[in-house]
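Reading through the structure tokens given below for one structure.
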Amino acid sequence: MAKMSAEELVSRIRSRPKGATDTPIAVRRAAMERDSAKAPLVAGTEVTAVDAGGRPAEWVVAAGADPGKVVYYLHGGGYETGSCATHRSLASQISAASGARVLTLDYRLAPEDPHPAALDDSLAAWAWLLSQPGVTAGRTVIAGDSAGGGLAAATILALKDAGQPLPAAMIGLSAFVDMTCSGASHVDRAEADPMIDRSMLAGTIAGYVAGADPKSPLISPIFGDWTGAPPMLLQVGTEEVLLDDSRLLAEAAEKAGVDVTLEEWDGMVHVWHFYCGLIDGADEAVAGIGAYIRTQVG
């Protein structure tokens, strides 16, 4: 299949309506599962279901991956949708690019299970992961896209507060880390973003926060104390309303002395990494993720 340009991808996405806020959540979940099933795995990838601290999870392992190198990956979907299955293809791409095994987690979803359910599941799975033979925090990277990027950041803050072992690095892809939506890009990029708008985010926030303080660092990690946190790579598209989420997180972490690599990808949309094989920008971004992981964990 011939690859598209970024402009062609945006045009194709824009030809479909944005997700309706009144669509039943079960319908949205099923649609995401159905659409994601079309994405192939990297040839030779092995997938193994496991129980990670009481929640369903999957090892996604590309051919030749080093068993001692691990990416702990938290899927996106606004804390309301998504699963191991929806992100299986992307996990296989990351495993192949990094030469590491990838563990994905089916954490509990809102609104049935609001904050802190997802965070509790992530912390339990992290503890389970570190109990596995050959796995060490120093050779493990935590990563996630969109809400999963926010959950990865919150997991680091919670681990740090508890004095628990931290991963070697964090990777956030179009990370949703500010549930106050304070960044100017929520307005400035409203027309440019073909996928997300403030009304969609408002429903997501209400279901996940469920009356808690949206400024809590474990809900909006831009407000956290990042002193002593590991290095982080943040990739975000310039056409996203969430552009400033990554900028604000990078600013907060850098002020605390964290080694931050912030990459703003020109013309790219929310989690464009899903379009590996269809646009060069997705292939290049995942290759960069792989190189970063190799640098951090050897």
Side-chain angles (χ1 to χ4, degrees), residues 19-21 23-42 45-62 70-96 100-129 141-155 171-176 195-196 200-201 203-205 207-208 210 242 270-276 282 286 289:
T21 55
T23 302
I25 195 164
V27 174
R28 286 188 279 133
R29 288 172 179 166
M32 189 174 185
E33 296 281 337
R34 181 182 63 250
D35 293 344
S36 301
K38 303 173 185 176
L41 303 185
V42 174
T45 300
E46 294 186 358
V47 179
T48 305
V50 293
D51 180 302
R55 293 297 302 171
E58 287 183 354
W59 281 112
V60 182
V61 185
V70 174
V71 178
Y72 174 36
Y73 194 91
L74 298 164
H75 69 77
Y79 292 107
E80 296 180 321
T81 64
S83 67
C84 292
T86 63
H87 285 62
R88 194 175 290 142
S89 176
L90 179 56
S92 76
Q93 297 282 352
I94 292 173
S95 179
R101 296 189 293 160
V102 176
L103 179 74
T104 59
L105 176 69
D106 269 343
Y107 54 84
R108 285 172 290 173
L109 299 175
E112 298 93 334
D113 293 292
H115 176 80
L119 179 58
D120 289 345
D121 291 346
S122 177
L123 292 170
W126 174 254
W128 174 88
L129 178 60
V141 172
I142 188 169
D145 65 281
S146 194
L151 185 55
T155 298
I171 299 173
L173 314 180
S174 300
F176 185 22
M195 301 175 70
I196 299 175
M200 293 171 60
L201 292 177
T204 290
I205 292 166
Y208 182 68
L242 295 183
H270 189 61
V271 199
W272 70 98
H273 312 74
F274 269 116
Y275 300 96
C276 278
V286 171
I289 291 167

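Here the structure is a predicted model, which means the values were calculated and not measured. These numbers come from the heavy atoms of this one structure, side chains and all, not from hydrogens, waters or symmetry mates.
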Working to the nearest 0.5 Å, report the span between [atom1] of [X] and [atom2] of [Y].
X: W126; Y: L74; atom1: CH2; atom2: CG; value: 10.5 Å
X: I25; Y: L109; atom1: CD1; atom2: CG; value: 7.0 Å
X: E58; Y: T48; atom1: CD; atom2: OG1; value: 8.5 Å
X: S146; Y: L173; atom1: OG; atom2: CG; value: 9.5 Å
X: I196; Y: L242; atom1: CD1; atom2: CG; value: 5.0 Å
X: W272; Y: S174; atom1: CH2; atom2: OG; value: 5.0 Å

Tell me the closest heavy-atom pair linking [X] and [Y], and the distance in Å.
X: E80; Y: G203; answer: OE2-O, 3.8 Å
X: S95; Y: A62; answer: OG-N, 2.9 Å
X: Q93; Y: V286; answer: O-CG1, 3.8 Å
X: V42; Y: S92; answer: N-OG, 3.2 Å
X: C276; Y: A282; answer: N-CB, 3.6 Å
X: P114; Y: Y208; answer: CB-O, 3.4 Å

Less than 6.0 Å separating the ring centroids of H75 and Y107?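 Yes, close enough.
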Is there a side chain to side chain contact (heavy atoms under 4.5 Å, CB included) between T86 and F274? Walk through the geometry before answering. CA-CA 10 Å; T86 63; F274 269 116; 5.7 Å; no
Sub-3.5 Å donor-acceptor pair from the side chain of [X] to the main-chain atoms of [Y], do we have one?
X: S36; Y: E33; value: no
X: W128; Y: D51; value: yes
X: D113; Y: R108; value: no
X: T45; Y: L41; value: no

Please report the C-alpha distance between I171 and Y73 in whole Å, then the side-chain angles of each, then the deciding distance to 0.1 Å, and finally whether the side chain to side chain contact (heavy atoms under 4.5 Å, CB included) criterion is met. CA-CA 9 Å; I171 299 173; Y73 194 91; over 6 Å; no
Does the side chain of H270 pick up a donor-acceptor pair with the side chain of D145 at under 3.5 Å?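 On atom types as modelled, these side chains do not qualify, holding no pair under 3.5 Å.
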Do the side-chain N and O atoms of S122 and Y72 include a donor-acceptor pair separated by under 3.5 angstrom?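 Yes, because at least one side-chain N or O of S122 sits under 3.5 Å from a partner of the opposite role on Y72.
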Indicate yes or no: does D121 engage R55 in a salt bridge with an N to O separation below 4.0 Å.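 Salt bridge: yes.
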Would you check if W59 and V47 make a side-chain contact, meaning some heavy-atom pair closer than 4.5 Å?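 The answer is no, as the side chains (C-beta and beyond) never meet within the 4.5 Å cut-off.
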So, do V71 and L103 sit near enough that their side-chain heavy atoms are less than 4.5 Å apart?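 When only atoms from C-beta onward are counted, L103 and V71 do not touch, as no gap falls below 4.5 Å.
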Applying side chain to side chain contact (heavy atoms under 4.5 Å, CB included) to L119 and T155, what does each step give before you reach the verdict? CA-CA 6 Å; L119 179 58; T155 298; 3.8 Å; yes
Apply side chain to side chain contact (heavy atoms under 4.5 Å, CB included) to the pair V102 and V61, showing each step before the final yes or no. CA-CA 6 Å; V102 176; V61 185; over 6 Å; no
